[in-house]
Amino acid sequence: MHATIVLLPGDGIGPEIVAQGKRVLEVIAKRTGHSFEMPEHAIGGNAIDSCGDPLPEETLNACRKSNAVLLGAVGGPKWDDPTAKTRPEAGLLRIRKELGLFANLRPTKTWDELLDASPLKREIVAGTDILFVRELTGGIYFGESGRRPHPSGEEAWNVMIYSTGEIERVVRVAADAARKRRGKLTMVDKANVLEASRLWRQVAERVVRTEYPDLQYNVVLVDSMAMHLISKPREFDVVVTENLFGDILTDEASMLPGSLGLLPSASIGASGPGLFEPIHGSAPDIAGKNIANPLATILAAAMMLRYSMSMNAEADAIEEAVSRVLKAGHRTKDIAGTGTSISTTEMGDFVVGML
Ligand code: NAD
């Protein structure tokens, strides 16, 4: 297969970690006979510096024409001025919107070799392997909002709004993923209080019962889910939820494995390229030092092969290589504890060597 993968290194550690993701993809191409064209484009702070726009038209056009996009991270103190005309994060929000990426997939898996890094007890967290599917383009973040005068000062509101179609399409993404995993799907809502959640419950139930009767399906209230995640995380396989709940629950869950540097994420739409990235930010405190952990980006590249190109064997090979590198005891500084650590490029060398 020939594929165009747009690389958006971004700011801070972005260029260092995307470089390692690129090396891994080059090895996959070489070993399997695929051909990957990987042009680099600007996004975020560096794009503001070079052309005043965090998502230049040229970058957006290249992404639109590609098979998939691999992003590092954007942002940093240099662009933090609250009075600035635009910010790096605006580029990220816009690219998601322009590419119609309505589902955010975040796998949260613990690694046996790193269990001591988790803030939870080993016996609770070991074996956790959850895929969160968060609705990304609807709900309270995009509903009507406003302020008006009030006798006490002001009052403000945000509307949580969802349509049947928005719920159906993200539930299908989650249900398809559950079929490829352990066959369990959990839908998280707040149907005891919110009308929008009651629609979610009704629509999700219909989609699953009629189109995915083979799945084991249950619903959990979001407040209970917040507790279950830290008391029995192993019980969940695929979890689907709306935008705001997903934002909060995925950040809670990201603490389970104990290292941000190991968690990838994917944003996908109905068709067209998906966007694949580590969940962490641009880590300006360690940028340019060649000590960042590139594994989340390498695992994001694996997700890209799996979800955008149906290259499951190639994705498995990358995940297996990462697992073996960790089993062999190789650690970047963020996961080394008091042990010795290796650099970003050395970690890339080990994964490439393992492949
Ligand atoms: P961060 O994720 O960049 O860093 C938090 C901590 O984790 C830091 O100590 C950092 O050194 C460490 N860390 C993060 N990734 C690491 C890696 N791969 N290897 C080793 N250590 C790692 O979060 P922050 O400090 O809150 O944000 C920094 C900048 O990133 C801000 O400008 C923020 O807006 C931006 N940000 C961007 C994204 C994105 O591009 N998707 C996401 C979150 C934050």
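All ligand and atom numbering here is 1-based and tracks the order in the structure. These numbers were taken from a predicted model, which means no experiment stands behind them.
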Engineer: Who's the nearest protein heavy-atom neighbour of atom 21 (N) of ligand 1, and how far?
Structural biologist: Ile286 CD1, 3.6 Å

Engineer: Within ligand 1, which atoms have a heavy atom of Ala73 less than 4.0 Å away?
Structural biologist: 40 (O)

Engineer: Do Thr186 and Asn218 have side-chain atoms, one donor and one acceptor, less than 3.5 Å apart?
Structural biologist: yes

Engineer: Ring of Phe102, cation from Arg169 - is the NZ or CZ under 6.0 Å from the centre and inside 45° of the axis?
Structural biologist: yes

Engineer: Do protein heavy atoms approach atom 15 (N) of ligand 1 to less than 4.0 Å?
Structural biologist: yes

Engineer: Output the list of atoms in ligand 1 that are nearer than 4.0 Å to some heavy atom of Gly281, sorted by atom number.
Structural biologist: 1 (P), 2 (O), 3 (O), 30 (O), 36 (N), 37 (C), 38 (C), 42 (C), 43 (C), 44 (C)

Engineer: Can a side-chain donor-acceptor contact be found between Glu135 and Trp200 if the only test is distance below 3.5 angstrom?
Structural biologist: no

Engineer: Taking heavy atoms and a distance under 4.0 Å, where does Val74 meet ligand 1: side chain, backbone, both or neither?
Structural biologist: both

Engineer: Give the contacting part of Glu277 toward ligand 1: side chain, backbone, both or neither, where contact means a heavy-atom distance below 4.0 Å.
Structural biologist: side chain

Engineer: For atom 7 (O) of ligand 1, what is the nearest protein heavy atom, given as residue, atom name and distance?
Structural biologist: Leu260 CD1, 3.9 Å

Engineer: Could you tell me the residue and atom name of the protein heavy atom closest to atom 19 (N) of ligand 1, and the distance to it rounded to 0.1 Å?
Structural biologist: Asn293 N, 2.9 Å

Engineer: To the closest 0.5 Å, what do you measure between CG (Leu93) and CG (Leu55)?
Structural biologist: 10.5 Å

Engineer: List the steps and the verdict of side chain to side chain donor-acceptor pair (under 3.5 Å) for Trp79 and Asp11.
Structural biologist: CA-CA 10 Å; Trp79 305 281; Asp11 308 316; over 6 Å; no

Engineer: With a 4.5 Å cut-off on side-chain heavy atoms, are Asp116 and Leu114 touching?
Structural biologist: no

Engineer: Flag Pro278 as yes when one of its N or O atoms lies below 3.5 Å from any N or O atom of ligand 1, and as no otherwise.
Structural biologist: no

Engineer: For atom 39 (C) of ligand 1, what's the nearest protein heavy atom and its distance?
Structural biologist: Leu92 CD2, 3.7 Å

Engineer: So, Asn243 and Tyr162: side-chain donor and acceptor under 3.5 Å apart, yes or no?
Structural biologist: no

Engineer: So is Ile17 in contact with ligand 1, going by heavy-atom distances below 4.0 Å?
Structural biologist: no

Engineer: Quick one: look at Pro284 and ligand 1, take heavy-atom pairs under 4.0 Å, and tell me if it's side chain, backbone, both or neither.
Structural biologist: side chain

Engineer: Are Ile124 and Ile230 side-chain neighbours, meaning at least one heavy-atom pair lies under 4.5 Å?
Structural biologist: no

Engineer: Among protein heavy atoms, which sits nearest to atom 13 (N) of ligand 1, and what does the distance come to when rounded to 0.1 Å?
Structural biologist: Ala283 CB, 4.0 Å

Engineer: Between Leu262 and Leu326, is any pair of side-chain heavy atoms under 4.5 Å apart?
Structural biologist: yes

Engineer: Within the structure provided, determine whether Pro88 and Ile48 are in side-chain contact (heavy-atom separation under 4.5 Å).
Structural biologist: yes

Engineer: Could you tell me whether atom 44 (C) of ligand 1 has at least one protein heavy atom nearer than 4.0 Å?
Structural biologist: yes

Engineer: Would you say atom 26 (O) of ligand 1 makes contact with the protein, given that contact here means a non-hydrogen protein atom less than 4.0 Å away?
Structural biologist: no

Engineer: Run the contact test for Ala296 against ligand 1 with a 4.0 Å cut-off on heavy atoms, strictly below, and give the result.
Structural biologist: no

Engineer: Any donor-acceptor pair under 3.5 Å linking the side-chain atoms of Ser323 with those of Glu320?
Structural biologist: no

Engineer: Note the single closest protein heavy atom to atom 29 (C) of ligand 1, along with its residue, its atom name and the distance in Å.
Structural biologist: Ser282 OG, 3.2 Å

Engineer: Run Asn67 and Ser308 through side chain to side chain donor-acceptor pair (under 3.5 Å) and show every step you take.
Structural biologist: CA-CA 7 Å; Asn67 296 84; Ser308 273; over 6 Å; no

Engineer: For Asp176 and Tyr212, which I'm curious about, is there any donor-acceptor pair between the side chains at under 3.5 Å?
Structural biologist: yes

Engineer: Check this for me - ligand 1, Asp80, N or O atoms closer than 3.5 angstrom, yes or no?
Structural biologist: no

Engineer: Near Ala292, which atoms of ligand 1 are under 4.0 Å from a heavy atom of that residue?
Structural biologist: 19 (N)

Engineer: On the 0 to 90° scale, with breaks at 30° and 60°, tag the His330-Phe350 ring pair as parallel, tilted or perpendicular.
Structural biologist: parallel

Engineer: Would you mind checking which non-hydrogen protein atom is closest to atom 34 (O) of ligand 1, with the distance to 0.1 Å?
Structural biologist: Glu89 OE2, 2.6 Å

Engineer: Polar-atom distance check: Leu71 versus ligand 1, any N or O pair below 3.5 Å?
Structural biologist: no

Engineer: Within the structure, does at least one protein heavy atom fall under 4.0 Å of atom 9 (O) of ligand 1?
Structural biologist: yes

Engineer: When you look for heavy atoms under 4.0 Å from ligand 1, do you find them on the side chain of Asp334, its backbone, both, or neither?
Structural biologist: side chain

Engineer: With a 3.5 Å cut-off and no angle check, do the side chains of Thr345 and Asn290 form a donor-acceptor pair?
Structural biologist: yes

Engineer: For ligand 1, which atoms have a heavy atom of Gly75 less than 4.0 angstrom away?
Structural biologist: 32 (O)

Engineer: Purely on distance, is any nitrogen or oxygen of Gly76 under 3.5 Å from one on ligand 1?
Structural biologist: yes

